[in-house]
Amino acid sequence: MSKEIRVRMAPAPTGRFHIGTARTTLYNWLFARHHGGTFILRIEDTDQSRSSQENVRQIMDAIRWLGLDWDEGPEVDGPHAPYFQSQRLQLYRDAVDRLLAQGDAYPCYCAPVELEERRREMQRQGIPPRYDRRCRDLSQPDRERLEAEGRPRAIRFAVPDEGTTSWDDLVRGRVEFQDSELDDFVVMKSDGFPSYILACAVDDTEMAITHVLRGEDLISGTPRQIHVFRALGLPLPRFGHLPMILAPDRSKLSKRHGATGIDEYRARGFVPDAMVNFIALLGWSSGDDREILSRGEMIEAFSIEGIGKSGAVFDAEKLEWMNGVYLRQMSAEEYVARARPFLESALGSVAETFEDDYVARVVLLEQERAKTLAELPELTEFFFRDPEEYEDKGERRWFRQEGAGEVLAAVREALQALDRFDDAAIESAVRAAAEKLDTKAGPVIHTTRLATTGRTKGPGLFELLAVLGKERVLQRLERAEQYIRDLG
RNA sequence: GGCCCCAUCGUCCAGUGGUUAGGAUACCGGUCUUUCAAGCCGGAGACGGGGAUUCGAGUUCCCCUGGGGCUACCA
């Protein structure tokens with residue numbers, strides 16, 4: 001019964017691609033995929049001074065990194081190309097001309113500074129700051145005079161004085177605004193570029209968008225847009241306004257709250273699947289208790305009914321947990337491939353000095369411990385460099401113990417004798433050494449760990465030693481023995 | 001200030017008139033164990049307030065309170 005579903009994400013390239021934008025993108029994508037519809041990416045670069053190519057690139061990078069592919073849009077094109085509003089100016093001009101011809105819009109010659117001044121004055125008097133419509137009923141001679149003066153002009157939409165504009169919001173139900181609350185909004189700026197309200201309405205129609213899913217911050221623009229659609233005789237899409245993503249203090253998430261850009265999370269070692277899963281659950285629920293959902297499961301379960309109405313605080317701790325889950329369930333190949341860049345940027349080119357296989361075995365040892373890829377360099381540093389010092393706590397507990405040096409010597413001798421240096425062989429050698437020393441295995445293991453890694457925690461000792469390799473292990477043990485002798 | 005939206009554990013979600021109000025995270029305890037994690041088991045932790053409707057309200061309605069968004073020639 002329903003025609004093909006077409007949705008779009010229409011970011012303005014005026015800043016980084018942040019969490020909130022990512023979620024809107026994701027919901028649109030899920031909605032399209034769930035219904036076998038089309039997901040379109042459109043760049044709303046109508047703000048000439050703040051848009052940049054660099055931001056466009058970053059936005060597309062981020063969306064691709066998240067794995068949300070668009071069916072129509074920049075670089076993939078489609079039947080409604082171009083997908084940059086800055087390249088569709090004629091369309092908006094035509095629309096504005098029609099509005100003008102119909103008397104639904106009029107030129108406004110007020111300068112921004114004047115507007116600003118009047119706005120302040122209204123605020124001072126405690127009345128709602130709104131455009132006073134002084135250019136709405138300009139006489140023809142006045143217009144010609146202003147025009148002759150070469151005054152810049154914007155085009156404003158003439159909103160009716162009374163009436164109500166309402167729609168059935170997909171997530172909120174009926175929303176209603178009094179037209180008397182609306183002022184005569186700008187539909188085309190003096191630089192000849194359309195305003196968001198107009199461009200968006202025109203494009204949504206031209207691109208045959210059926211559902212507009214966007215942030216709640218745009219809800220008050222909706223009645224204005226509806227006026228534009230109606231004046232132009234265009235069919236209305238369905239609107240759905242998504243709740244905001246909030247900072248821990250429940251205000252709108254912004255830079256001052258720390259990382260908000262998707263690229264920042266990427267740099268911090270989060271993986272796309274975890275990001276997507278986590279963000280999906282910020283304001284949407286499959287209806288059951290599942291927390292970890294694959295993309296397929298999300299697509300399958302996604303519905304607008306499952307979207308909540310209230311704002312959701314972004315809980316970075318839960319994201320970390322979820323990222324850990326994804327890291328742990330990731331295939332060894334993918335995990336290693338994703339981990340490697342983080343090691344190299346932090347530790348220099350480990351690839352030059354260490355075999356690929358060694359690096360892979362190292363990071364694999366930490367797969368179940370890491371919450372983010374970014375903590376890998378710190379976690380695995382001792383695999384690439386000899387420990388320069390020993391943790392204080394460990395030193396007091398193990399190295400200053402009577403006979404610590406003998407313990408290490410015994411372990412070293414036992415390991416020295418090994419031909420095969422693998423987990424099992426190491427384990428039995430170490431345990432045998434402990435037995436010979438007539439002590440429990442625990443203290444021997446801890447002392448050995450400290451001697452070979454400088455730390456009190458980390459991967460299982462036997463696996464760790466096996467990866468480190470016999471030569472390095474023996475060397476480090478010897479050094480530690482010397483260190484202990486020097487302690488006196 | 002005006003308009004619009006929202007309101008269940010600290011946080012994210014279930015719960016669509018009858019539930020010991022459920023799960024996840026974070027926190028605490030236990031267990032496993034060579035450490036740290038992970039896992040497993042357990043604990044603590046919420047319906048903002050007041051009316052109304054009803055035999056019965058977290059669930060419906062109204063008011064209050066609280067929070068948020070918008071209030072640009074930005075989107």
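The sequence lines fix the lettering, A, B, ..., with proteins before strands; numbering per chain opens at 1.
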Peer 1: If we call it a pair only when both distances are under 3.5 Å in a Watson-Crick or G-U wobble match, what pairs with rC27(B)?
Peer 2: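 Checking every strand shown, rC27(B) finds its partner in rG43(B), with both distances under 3.5 Å.
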Peer 1: Any side-chain heavy atom of L477(A) within less than 4.5 Å of one from T452(A)?
Peer 2: yes
Peer 1: Between rG67(B) and K252(A), is there an OP1 or OP2 to side-chain N/O distance shorter than 4.0 Å?
Peer 2: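 Looking at the OP1 and OP2 atoms of rG67(B), neither is under 4.0 Å from any side-chain N or O of K252(A).
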Peer 1: Suppose you measure atom P in rA52(B) against the same atom in rA14(B); what distance do you get, rounded to whole Å?
Peer 2: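 Taking atom P in both rA52(B) and rA14(B), they lie 31 Å apart.
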Peer 1: If I pick the C1' atom on rG48(B) and the same atom on rG42(B), what distance separates them, to the nearest angstrom?
Peer 2: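 Nearest-Å result for rG42(B) against rG48(B) at atom C1': 31 Å.
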Peer 1: Does rU11(B) have OP1 or OP2 under 4.0 Å away from a side-chain N or O of R250(A)?
Peer 2: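 R250(A) to rU11(B) OP1/OP2: side-chain N or O found under 4.0 Å.
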Peer 1: Using the C1' atom as the point on both nucleotides, what is the distance between rU34(B) and rG22(B), in whole Å?
Peer 2: 39 Å
Peer 1: Which one is paired to rA38(B), where only Watson-Crick or G-U wobble pairs with both distances under 3.5 angstrom count?
Peer 2: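 In the structure as shown, rA38(B) has no Watson-Crick or wobble partner.
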Peer 1: Take atom P in rA21(B) and the same atom in rC47(B), then report the distance between them in whole Å.
Peer 2: 12 Å
Peer 1: Counting only side-chain nitrogens and oxygens, does R449(A) get under 4.0 Å of the OP1 or OP2 atom of rC36(B)?
Peer 2: no
Peer 1: Report the base-pairing partner of rG66(B) (Watson-Crick or G-U wobble, both distances below 3.5 angstrom), or none.
Peer 2: rC6(B)
Peer 1: Distance check, P atoms only: rG68(B) and rC73(B), in whole angstrom units.
Peer 2: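 Straight-line distance between the two P atoms is 26 Å.
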Peer 1: Closest nucleotide of RNA chain B for D217(A) versus for W284(A): which of these residues is on the 5' side?
Peer 2: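 Comparing both residues, the 5'-ward one is W284(A).
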Peer 1: Roughly how many Å apart are rU71(B) and rC64(B), using the C1' atom of each and rounding to a whole number?
Peer 2: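 Nearest-Å result for rC64(B) against rU71(B) at atom C1': 25 Å.
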Peer 1: What are the two closest non-hydrogen atoms of P459(A) and R449(A), and how far apart are they?
Peer 2: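 P459(A) and R449(A) have their closest heavy atoms at O-NH1, 2.9 Å.
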Peer 1: Between atom CD1 in I445(A) and atom C1' in rC36(B), what is the gap in whole Å?
Peer 2: 14 Å
Peer 1: With heavy atoms under 4.0 Å as the rule, sort A154(A) into base, sugar-phosphate or nothing.
Peer 2: base
Peer 1: Pick the closest RNA chain B nucleotide for E305(A) and for F462(A) by heavy atoms, then say which residue is nearer the 5' end.
Peer 2: E305(A)
Peer 1: Which of these nucleotides, rA37(B), rC73(B), rA75(B), is closest to any side-chain atom of E368(A)?
Peer 2: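 Closest of the options to the side chain of E368(A): rA37(B).
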Peer 1: Could you tell me whether the side chains of E149(A) and Y109(A) share a donor-acceptor contact shorter than 3.5 Å?
Peer 2: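 No, no side-chain donor-acceptor pair sits under 3.5 Å.
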Peer 1: Distance alone, cut at 3.5 Å: any donor-acceptor contact between the side chains of T380(A) and E366(A)?
Peer 2: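 No, because no side-chain N or O of T380(A) sits under 3.5 Å from a partner of the opposite role on E366(A).
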Peer 1: May I ask you to say what R153(A) touches in the nucleic acid, namely base, sugar-phosphate or nothing, with a heavy-atom cut-off under 4.0 Å?
Peer 2: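 Nothing, no nucleic acid heavy atom in range.
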Peer 1: Using only side-chain N and O atoms of K189(A), determine if any of them is under 4.0 Å from OP1 or OP2 of rC74(B).
Peer 2: yes
Peer 1: Base, sugar-phosphate or nothing for E44(A)? Non-hydrogen atoms, less than 4.0 Å.
Peer 2: sugar-phosphate
Peer 1: Within the 4.0 Å heavy-atom criterion, would you say L282(A) contacts the bases, only the backbone, or no part of the nucleic acid?
Peer 2: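 Counting heavy atoms under 4.0 Å across all strands, the contact made by L282(A) is with sugar-phosphate only.
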Peer 1: If you look at every strand shown and take non-hydrogen atoms under 4.0 Å, does S285(A) touch a base, only sugar-phosphate, or nothing?
Peer 2: sugar-phosphate
Peer 1: Any base atoms under 4.0 Å from C110(A), or only sugar-phosphate, or nothing? Heavy atoms, all strands.
Peer 2: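 Touches a base.
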Peer 1: If you compare every side-chain N and O of R50(A) against the phosphate oxygens of rA72(B) (OP1, OP2), does one of them come in below 4.0 Å?
Peer 2: no
Peer 1: If we call it a pair only when both distances are under 3.5 Å in a Watson-Crick or G-U wobble match, what pairs with rU60(B)?
Peer 2: rA52(B)
Peer 1: With a 4.0 Å cut-off on heavy atoms, is R455(A) in touch with a base, just the backbone sugar-phosphate, or nothing at all?
Peer 2: nothing
Peer 1: Cation over ring, R156(A) on Y131(A), under 6.0 Å and within 45°?
Peer 2: yes
Peer 1: Using Watson-Crick or G-U wobble geometry with both distances under 3.5 Å, which nucleotide pairs with rA14(B)?
Peer 2: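 Pair assignment: rA14(B) / none.
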Peer 1: For a quick check, with a 4.0 angstrom heavy-atom cut-off, what is the B/S/- contact string for nucleotides 18-28 of chain B, read 5' to 3'?
Peer 2: ----BBBSS--
Peer 1: Can you find a side-chain donor-acceptor pair between N323(A) and T372(A) that sits under 3.5 Å?
Peer 2: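 Note: N323(A) and T372(A) side chains miss the donor-acceptor criterion.
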Peer 1: Within the structure shown, what part of the strands sits under 4.0 Å from G283(A) by heavy-atom distance: base, sugar-phosphate, or nothing?
Peer 2: sugar-phosphate
Peer 1: I need the single residue from Y326(A), W321(A), F278(A), Y265(A) that forms a ring pair (Phe, Tyr, Trp, His ring centres under 6.0 Å) with F270(A). Which is it?
Peer 2: Y265(A)
Peer 1: Does any nucleotide pair with rG1(B) by Watson-Crick or G-U wobble geometry, both distances under 3.5 Å, and what is it?
Peer 2: rU71(B)
Peer 1: Using the side-chain heavy atoms of H446(A), tell me which of these nucleotides is nearest: rA75(B), rU34(B), rA38(B).
Peer 2: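 Shortest atom-to-atom distance from the side chain points to rU34(B).
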Peer 1: Between rC63(B) and rA75(B), how far is it from one P atom to the other, in whole Å?
Peer 2: 36 Å
Peer 1: Touch check for P459(A), heavy atoms < 4.0 angstrom, all strands: base, sugar-phosphate only, or nothing?
Peer 2: base
Peer 1: Do L464(A) and F382(A) have side-chain heavy atoms sitting under 4.5 Å apart?
Peer 2: yes
Peer 1: Under 4.0 angstrom, heavy atoms only, what part of the nucleic acid is I155(A) near: base, sugar-phosphate, or nothing?
Peer 2: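 Nothing, no nucleic acid heavy atom in range.
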Peer 1: Between F302(A) and Y27(A), is the ring centroid distance below 6.0 Å?
Peer 2: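 Yes, ring centres under 6.0 Å apart.
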Peer 1: For the side-chain hydrogen bond (donor to acceptor under 3.5 Å, both in side chains) test, which of T46(A), D203(A), D97(A) pairs with Y92(A)?
Peer 2: D203(A)
Peer 1: Assign K440(A) to base, sugar-phosphate, or nothing according to its heavy-atom contacts below 4.0 angstrom with the strands shown.
Peer 2: nothing
Peer 1: Would you please say whether a donor-acceptor pair under 3.5 Å links the side chains of S180(A) and R130(A)?
Peer 2: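 Their side chains do not contain a donor-acceptor pair, so the 3.5 Å distance test is not met.
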Peer 1: Tell me what G287(A) touches on the nucleic acid: a base, only sugar-phosphate, or nothing, going by heavy atoms under 4.0 Å.
Peer 2: sugar-phosphate
Peer 1: Say you pick atom C1' in rC61(B) and the same atom in rU54(B); how far apart are they, in whole Å?
Peer 2: 12 Å
Peer 1: Which letters describe nucleotides 1-6 of chain B, given B = protein heavy atom under 4.0 Å from base, S = only from sugar-phosphate, - = neither?
Peer 2: BSSSSS
Peer 1: Would you indicate what S286(A) reaches in the nucleic acid, counting non-hydrogen atoms under 4.0 angstrom: base, sugar-phosphate, or nothing?
Peer 2: nothing
Peer 1: With a 4.5 Å heavy-atom cut-off, do R143(A) and Y106(A) have their side chains touching?
Peer 2: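 Yes, side chains in contact.
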Peer 1: Take a 6.0 Å sphere around CD of Q90(A) and say whether it holds more than 12 heavy atoms from other residues, nucleotides or ligands.
Peer 2: yes
Peer 1: Classify the nucleic acid contact of A312(A) as base, sugar-phosphate or nothing, counting any heavy atom under 4.0 Å across all strands shown.
Peer 2: sugar-phosphate
